[in-house]
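Model, not experiment: these values are computed from the prediction. Per chain, numbering begins at 1; letters A, B, ... match sequence-line order.
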2 protein chains.
Amino acid sequence: MQKMQSLSDITGFAEITPTAPIAAERHGGRAKCLQRLIRLAMPVPPTVALDFDAVHALSKGDMPDLDAMLAFFGPDPLLSVRPSSEDPDWGGPGAILNIGMNDALHARLTESHGEPAANALYLRFIQSYAVHVARADPDEFEAGGAPTAEALAHALAAYEDETDEPFPQDVRDQLGEVLRSMARAWEGTTARLLREAKGAPADAGLGLVVQKMALGVGNGISGSGVIQFVSGQSGRPEIRGRYMCQAQGRDALTAKDGAGDILYLKQDPRGRSIETVLPEVWSDLMRYGDLARKRLREEMQIEFTVENEELFILDAVRVPRSPRANLRIAVALANDGIISQDEAVLRVPPHSLSELLHSQVDPAGKRDIVGSGIAASPGAATGKIVFTARAAQAMAAQDEPCVLVRRETTPEDIRGMHAAKAVLTERGGVTSHAAVIARGLGVPCVVGASDLTLDLKAGTLTTPDGRVFREGDRITIDGSHGKVIAGSARMLAPALGDNFRTLLAWADAARDIGVRANADTPEDARKAQMFEAEGIGLCRTEHMFFAEDRLLAMREMIFADDAVDRRSILDRIGPMLRRDFVELFGIMKGRPVTIRLFDLPLHEFLPQNREGLRELAEALDLPLSDVTRRAEALTEFNPMLGMRGVRLGLTVPEIYDTQARAIFEAVVEVAREGATVVPEIMIPLVSAKREVEIVKARVDAVAAAVRIERGVDFDYRLGVMVETPRAALRAGEIAPHSAFLSFGTNDLTQMTYGLSRDDAGRFMSQYVAQGVYDEDPFHVLDADGVGELLMLGAERGRRTNPGITLSICGEHGGNPESIAFCRDARFDYVSCSPFRVPVARLAAAHLAIAERGAERPPRMY
Amino acid sequence: MQKMQSLSDITGFAEITPTAPIAAERHGGRAKCLQRLIRLAMPVPPTVALDFDAVHALSKGDMPDLDAMLAFFGPDPLLSVRPSSEDPDWGGPGAILNIGMNDALHARLTESHGEPAANALYLRFIQSYAVHVARADPDEFEAGGAPTAEALAHALAAYEDETDEPFPQDVRDQLGEVLRSMARAWEGTTARLLREAKGAPADAGLGLVVQKMALGVGNGISGSGVIQFVSGQSGRPEIRGRYMCQAQGRDALTAKDGAGDILYLKQDPRGRSIETVLPEVWSDLMRYGDLARKRLREEMQIEFTVENEELFILDAVRVPRSPRANLRIAVALANDGIISQDEAVLRVPPHSLSELLHSQVDPAGKRDIVGSGIAASPGAATGKIVFTARAAQAMAAQDEPCVLVRRETTPEDIRGMHAAKAVLTERGGVTSHAAVIARGLGVPCVVGASDLTLDLKAGTLTTPDGRVFREGDRITIDGSHGKVIAGSARMLAPALGDNFRTLLAWADAARDIGVRANADTPEDARKAQMFEAEGIGLCRTEHMFFAEDRLLAMREMIFADDAVDRRSILDRIGPMLRRDFVELFGIMKGRPVTIRLFDLPLHEFLPQNREGLRELAEALDLPLSDVTRRAEALTEFNPMLGMRGVRLGLTVPEIYDTQARAIFEAVVEVAREGATVVPEIMIPLVSAKREVEIVKARVDAVAAAVRIERGVDFDYRLGVMVETPRAALRAGEIAPHSAFLSFGTNDLTQMTYGLSRDDAGRFMSQYVAQGVYDEDPFHVLDADGVGELLMLGAERGRRTNPGITLSICGEHGGNPESIAFCRDARFDYVSCSPFRVPVARLAAAHLAIAERGAERPPRMY
């Protein structure tokens with residue numbers, strides 16, 4: 001028996017009724033949403049939906065059964081057509097209203113509704129038909145003038161002029177052309193690329209919604225408006241919207257403020273508002289708003305028309321909202337029992353949290369943008385320009401906010417970066433030193449601002465158009481958008497309130513992978529605690545040697561003649577390091593701290609210029625030539641691949657000895673105060689098992705010595721930072737000597753690609769643009785290449801040491817894609833910069849909830 | 001039934017008879033060789049062998065049945081004991097003669113052989129027993145004086161003095177102590193480490209050989225000598241050796257030349273020789289020599305003693321020989337049908353060829369060594385010191401040999417390296433630029449001579465003890481041994497004769513993996529042809545852009561504003577490149593040439609100092625500040641991981657276009673002369689499939705254009721240099737777009753370890769010494785890490801493109817270990833520097849022959 005065909009199979013469209021088989025993935029979100037409104041018994045005018053297939057067929061010239069459609073709408077209909085894609089973000093052609101207007105109907109409406117109303121309806125239709133359907137010159141059909149008879153005559157003449165045809169009078173022709181043009185617009189290359197950029201699949205379909213017009217113009221009280229019940233900016237409950245008399249569609253939203261025909265929804269200073277003029281309409285709108293929230297489980301913006309005092313609901317969409325509003329709305333819906341906590345968690349995109357953690361430049365404010373670069377660390381700040389770390393510290397000492405501007409930053413600049421409110425560098429990419437450290441500090445940062453010219457000698461920063469900024473001039477850095485702004489800019493404050501904490505608590509309840517923070521300093525550690533990281537996954541220790549009271553000693557050590565001298569110099573630094581660790585352990589209150597042993601090449605500790613070398617020679621009482629020679633001898637061709645990490649650790653073992661002793665003595669010290677700390681000591685840049693064995697033997701010996709000296713027992717865990725491809729490949733023989741493996745994906749990416757993150761900026765954008773790399777691999781973990789090494793390393797490590805702890809640290813740690821990868825690989829935790837911790841916690845929760853298969857209700861259009 | 005025990009199981013020793021179960025791997029090579037001599041019916045005195053177990057037991061205090069042994073030798077025997085390890089190179093304790101001498105026997109021999117003879121025998125025994133067995137002070141027992149009664153009395157007294165015991169008189173005691181001391185010497189730590197360094201296993205055993213003495217002293221014509229029938233230096237047939245009257249053991253070899261008691265073997269200016277004095281002994285010796293060569297299939301050095309005109313053969317060992325002699329002997333034995341060609345091939349160690357390809361410092365000559373470094377490129381040469389590449393070229397233009405001394409070399413130095421006879425650098429390791437290029441050029445080179453102080457400003461090279469060398473001073477570089485020698489040194493010429501070619505032809509017949517050469521220049525290519533490489537596996541093209549007539553154009557291109565300008569500048573270089581390729585193809589006569597596209601970062605083309613930048617600014621007619629800024633902007637943090645290779649190729653595509661056009665036009669040009677060339681174009685530094693697709697599309701387009709323009713068809717192959725870990729991991733998706741994959745193991749090693757070859761020198765020696773790395777991975781392919789990537793890449797590449805050609809190029813290509821690896825992985829060929837080609841051909845043959853399981857006869861002791 002042949003299957004019965006539904007009406008829409010034959011006619012290419014379906015009436016939207018409470019029970020019609022309308023589906024977002026076949027008819028688009030708008031059609032589905034309209035059906036929901038109809039189910040809630042809202043007064044929606046008769047509407048039909050064309051599904052994706054019908055629209056696709058249309059673009060190929062295959063028209064639906066227009067006669068049947070027109071028959072449905074009745075004689076002489078006035079219609080609107082609106083797009084209905086699966087996801088509203090994917091765009092689509094604009095709505096076209098008043099289809100069906102022609103000379104005859106115009107004459108009739110002139111009689112029934114008055115000439116201005118009839119003119120307005122006809123003019124609007126001619127204008128949009130001419131521009132969007134007939135593709136005539138838009139300049140000839142500018143909207144907005146008064147709907148006079150002359151204007152109408154002019155439009156009709158202009159149409160004929162442009163198209164060599166009179167304006168079509170047959171509604172069937174009009175509707176057919178409107179539908180066809182909208183279908184074709186969707187298939188255009190530009191539209192496809194634009195929506196693909198927003199994540200649409202290549203074959204994303206378009207539905208269309210044809211609705212009988214509620215006019216909004218005429219003799220009685222008529223007009224159109226839009227209403228919503230929360231603030232799109234803050235998410236707070238608040239009735240917002242506009243209504244305009246004698247208007248259609250969303251005219252009210254674009255009309256000038258204070259224009260005579262605007263009606264306020266509620267309080268009106270002039271005493272006229274819908275609430276007072278149309279109390280029944282008002283009470284219906286209130287009821288529909290509440291209904292939508294409870295039943296559509298979402299804050300909706302409702303588009304309505306009043307025709308002769310009768311209310312029609314034309315459409316409804318999700319309230320457009322800022323990230324902070326979105327979070328508040330989700331929490332409120334869950335608190336009201338409308339959605340579950342899991343669903344509230346799912347409704348907040350992890351990336352959207354970044355904006356909540358920092359001050360932002362108010363997009364509505366004035367901005368004098370003078371340069372742009374890479375948005376390296378989110379947030380915004382204003383301050384006076386300084387060109388050196390020292391100047392930044394001096395400014396900060398006077399409580400004067402400053403922006404540190406450098407060609408690029410080095411570890412020597414860290415204190416200056418701490419002191420600055422924002423950082424701007426001429427060079428570097430998203431993983432340059434400046435970018436990584438700034439993200440860690442939560443300091444807004446723009447890097448690679450190569451259109452600005454920095455002249456450090458002259459002390460000037462020059463814009464492409466020749467404006468010159470000097471030290472002390474005020475600028476604003478918008479690290480969220482990579483902009484440099486002259487002077488100050490209006491700011492929005494960060495939003496770390498109760499809603500934020502509530503949502504993150506729900507996320508923590510859901511997630512099943514740990515999140516730690518990369519934190520080097522006490523300030524970082526406090527941030528890690530504030531963002532509720534479960535510990536420190538990467539504490540870099542180099543900065544401890546750069547502190548003013550230690551740098552000279554480090555330099556002395558570099559010039560020391562033998563191990564005995566080196567040790568005696570390092571013995572002076574040891575107690576200072578111990579104090580650092582005591583402070584760190586104190587802040588972390590027993591949460592785990594993974595301390596990476598010294599990783600930097602020694603030449604980073606030497607002055608970079610002649611002047612500095614001269615000063616150093618004086619300080620060390622050595623001939624300048626000796627100092628210069630030693631500095632030159634330490635220079636490396638490829639510092640990234642040179643004598644650093646465990647290589648330095650084995651060659652100058654006194655450094656690791658000193659660090660280990662400081663760590664253990666700190667453990668003993670906090671133990672005296674009743675706190676138990678099990679420090680995790682991590683060896684960097686390992687490429688061979690034997691490196692681990694040798695360091696382990698030495699660290700064990702130091703631990704034994706401290707235990708005996710202090711008469712206190714303590715535990716510690718020794719592990720390996722896997723950041724060379726070889727360490728990943730040989731994880732099987734490294735793991736038995738390691739309590740944990742932490743994958744340093746920054747360096748691992750550099751080595752797997754053979755690509756320095758500091759030098760990649762020169763071609764990375766071109767590479768991504770050409771599709772050579774799908775994404776900057778320093779930004780999004782390369783699952784194919786680097787990822788395979790991670791999987792191999794994890795699997796081999798686990799095979800020889802089933803209890804081993806696995807994690808990643810480094811920039812990728814806070815990335816939702818990387819977290820998904822690590823979850824799939826059953827890693828124990830990810831570690832990322834403190835400001836990424838909330839993002840990571842939320843992303844991890846999303847993954848866990850998604851995996852539990854919680855049915856996610858369709859997103860409102 | 002209990003198994004019958006052989007005599008040796010009970011007694012711990014076995015008489016060496018023609019049929020005794022003597023085996024080299026149980027009794028040592030000397031015992032086995034003596035058995036062979038006995039089988040050939042040579043007059044070997046009665047001999048017994050102690051096997052490894054017996055000697056090992058001895059070292060633990062478990063004495064063999066000495067009574068049985070002494071019973072075998074008869075009453076009042078005089079005996080010798082000699083070591084017999086499995087491989088003579090493993091060393092062992094020295095021989096001890098005249099065991100059995102005591103006061104009684106001395107008295108009897110004084111009667112029968114005269115007092116001097118009796119004194120000499122006794123004295124020699126006392127001296128070696130005291131020093132080697134009783135461990136007395138050697139100064140008290142110096143050998144060499146006249147064997148007077150006083151000397152003997154002194155020795156006996158001294159013995160008692162030193163040991164508090166009289167000299168042992170019982171032969172049983174004497175023999176037992178000698179055997180025990182030799183067994184213990186073998187077990188000593190130093191001895192074990194020394195032999196392990198020579199490749200001995202940890203449990204290598206020692207056998208001992210106890211032989212009845214033929215005295216060589218006495219009343220009749222008596223004496224001892226050594227004879228061989230080829231030159232140990234040249235390998236040419238030639239009777240060499242010495243004989244000394246009234247002497248024992250190898251005394252003849254150490255006696256002063258022209259001493260009265262030396263007898264020449266043959267022609268004697270004084271008319272006295274064995275040939276004339278003892279014609280029968282002479283004819284026996286001739287016969288035994290011939291017999292040994294034919295039946296032992298080796299050139300032997302025979303140790304003999306004449307006692308009262310009777311000839312005894314005491315021992316025989318392989319003639320000690322230079323590599324060139326070894327090669328000549330192997331070829332001669334095969335030519336004479338004594339051994340097979342395969343065996344001749346196996347008898348020449350591949351590494352030993354290096355010495356034949358270069359001049360060598362004569363180890364016997366005087367050498368004033370003033371410094372040392374890493375032996376980076378073998379061979380030796382003398383010349384005047386120059387400190388710049390330019391000076392080297394100027395010297396070469398005057399035909400004055402020179403040695404280029406640099407801190408380190410860069411591509412700009414290449415012409416200077418060509419011009420120089422040898423290269424010396426203060427910095428760098430075995431794979432530094434200087435080392436790699438020098439090996440390619442076959443120029444002797446010492447790098448990392450850090451004990452020498454180079455002051456380029458002063459133009460001096462200072463030795464650790466303060467000697468100063470200036471430009472124009474003559475020095476000699478010994479690149480085989482890493483030595484710097486003041487002035488000239490006596491040299492040995494290279495040995496590339498018929499024997500060399502014959503042996504390599506036999507090797508080629510045996511091997512089953514291809515060998516190509518890395519050759520960049522016509523000179524290199526000629527060398528490749530001379531060494532019969534099967535093609536060029538890696539032709540680096542950067543040098544073509546450094547030639548004087550192109551460098552300025554390259555610099556202009558770097559400063560060009562856009563692609564059009566760049567192209568027009570490169571169009572000027574194109575024809576010059578074409579000429580280079582025409583010449584290269586001409587030399588290679590249709591053999592394949594793999595051309596690697598441009599790989600270098602652009603900053604390598606800019607001057608390194610302010611003076612050069614000023615000149616450049618002038619030449620380009622640009623402000624110095626512009627030139628300086630651009631040069632600075634091109635500077636990279638880690639050039640190895642920066643914008644080079646295909647990254648530059650995609651960013652500045654005009655370079656590859658120009659190269660491709662030059663290659664194809666050259667193919668067309670040589671085709672006109674009837675030669676068919678199928679060039680292989682190789683893309684460097686690939687890390688993603690898309691890089692290959694993009695370059696392939698452009699190169700295909702250039703090929704199509706050239707085909708149309710010239711109306712000539714031609715083929716070419718496009719392939720990928722796999723030198724990033726990611727390219728190896730993703731070989732499966734890269735291979736379908738590639739005709740070949742060639743693994744660049746230098747860079748692949750750098751990236752797998754995260755280790756710059758230029759910077760590794762600072763700690764590599766310490767790493768290898770501590771056993772962190774078994775070997776310098778730039779020297780010996782890291783089979784575990786890098787090797788796994790090679791295997792993965794090969795396997796994945798072959799899976800998606802079964803016909804793909806696989807190879808390695810780079811420094812490892814010429815290494816026997818790497819060749820074995822590549823053979824196992826079924827690679828098609830290896831490519832190495834021209835001077836390594838013969839080594840590689842021979843090594844490959846060894847592997848193939850070994851795999852065919854050809855029984856390799858035991859090596860003579």
Trainee: Evaluate the side-chain proximity of A/Thr752 to B/Met751: yes if any heavy-atom separation is below 4.5 Å, no if none is.
Mentor: no
Trainee: Is chain A contacted by the side chain of B/Glu408, its backbone, both, or neither, given a heavy-atom distance below 4.5 Å?
Mentor: side chain
Trainee: Any Lys/Arg nitrogen of B/Glu426 or A/Arg629 sitting under 4.0 Å from an Asp/Glu carboxylate oxygen of the other?
Mentor: no
Trainee: Is B/Asp782 in contact with chain A via its backbone, its side chain, both, or neither, using a 4.5 Å heavy-atom distance?
Mentor: side chain
Trainee: With a 4.5 angstrom heavy-atom cut-off, which part of B/Tyr753 approaches chain A: side chain, backbone, both or neither?
Mentor: both
Trainee: Give a yes or no on whether a salt bridge exists between B/Arg690 and A/Asp774, defined as a side-chain N under 4.0 angstrom from a carboxylate O.
Mentor: no
Trainee: Pick one of side chain, backbone, both or neither for A/Val646, based on which atoms fall under 4.5 Å of a heavy atom in chain B.
Mentor: both
Trainee: Check A/Asp784, A/Leu755, A/Leu789 against B/Arg726 for a side-chain contact (heavy atoms from CB on, under 4.5 Å) and give me the one that passes.
Mentor: A/Asp784
Trainee: Do you know which two heavy atoms are closest between A/Leu650 and B/Gln770, and how far apart they sit?
Mentor: O-NE2, 4.0 Å
Trainee: So, does A/Asn638 use its side chain to make a donor-acceptor pair with the main chain of B/Ser756 at under 3.5 Å?
Mentor: no
Trainee: Is there side-chain contact between A/Arg757 and B/Phe637, with at least one heavy-atom pair below 4.5 Å?
Mentor: no
Trainee: Looking at A/Gly645, A/Ala728, A/Ala633, which one has more heavy-atom pairs under 4.5 Å with chain B than the rest?
Mentor: A/Ala633
Trainee: Identify which of A/Pro639, A/Ser450, A/Gly754, A/Ala727 forms the greatest number of heavy-atom pairs closer than 4.5 Å to chain B.
Mentor: A/Gly754
Trainee: Looking at A/Glu788 and B/Arg796, does any basic side-chain N land under 4.0 Å from a carboxylate oxygen?
Mentor: yes
Trainee: Locate the shortest heavy-atom distance separating B/Gln750 from A/Leu641; write the atom from each residue and the value.
Mentor: O-CD2, 4.5 Å
Trainee: Sort B/Ile694 into side chain, backbone, both or neither according to what part of it lies under 4.5 angstrom from a heavy atom of chain A.
Mentor: side chain
Trainee: With the side chain counted from C-beta on, respond yes when B/Arg647 and A/Tyr767 share a heavy-atom pair under 4.5 Å apart, and no when they do not.
Mentor: yes
Trainee: Need one label for B/Arg730: side chain, backbone, both or neither, based on atoms under 4.5 Å from any heavy atom in chain A.
Mentor: side chain
Trainee: Report which part of B/Thr635 has an atom under 4.5 Å of a heavy atom belonging to chain A: side chain, backbone, both, or neither.
Mentor: backbone
Trainee: When only pairs under 4.5 Å are counted, which of B/Val772, B/Thr651, B/Val786, B/Thr724 shares the most heavy-atom pairs with chain A?
Mentor: B/Val772
Trainee: Check whether any side-chain heavy atom of A/Glu632 sits under 4.5 Å from a side-chain heavy atom of B/Arg427, and report yes or no.
Mentor: yes
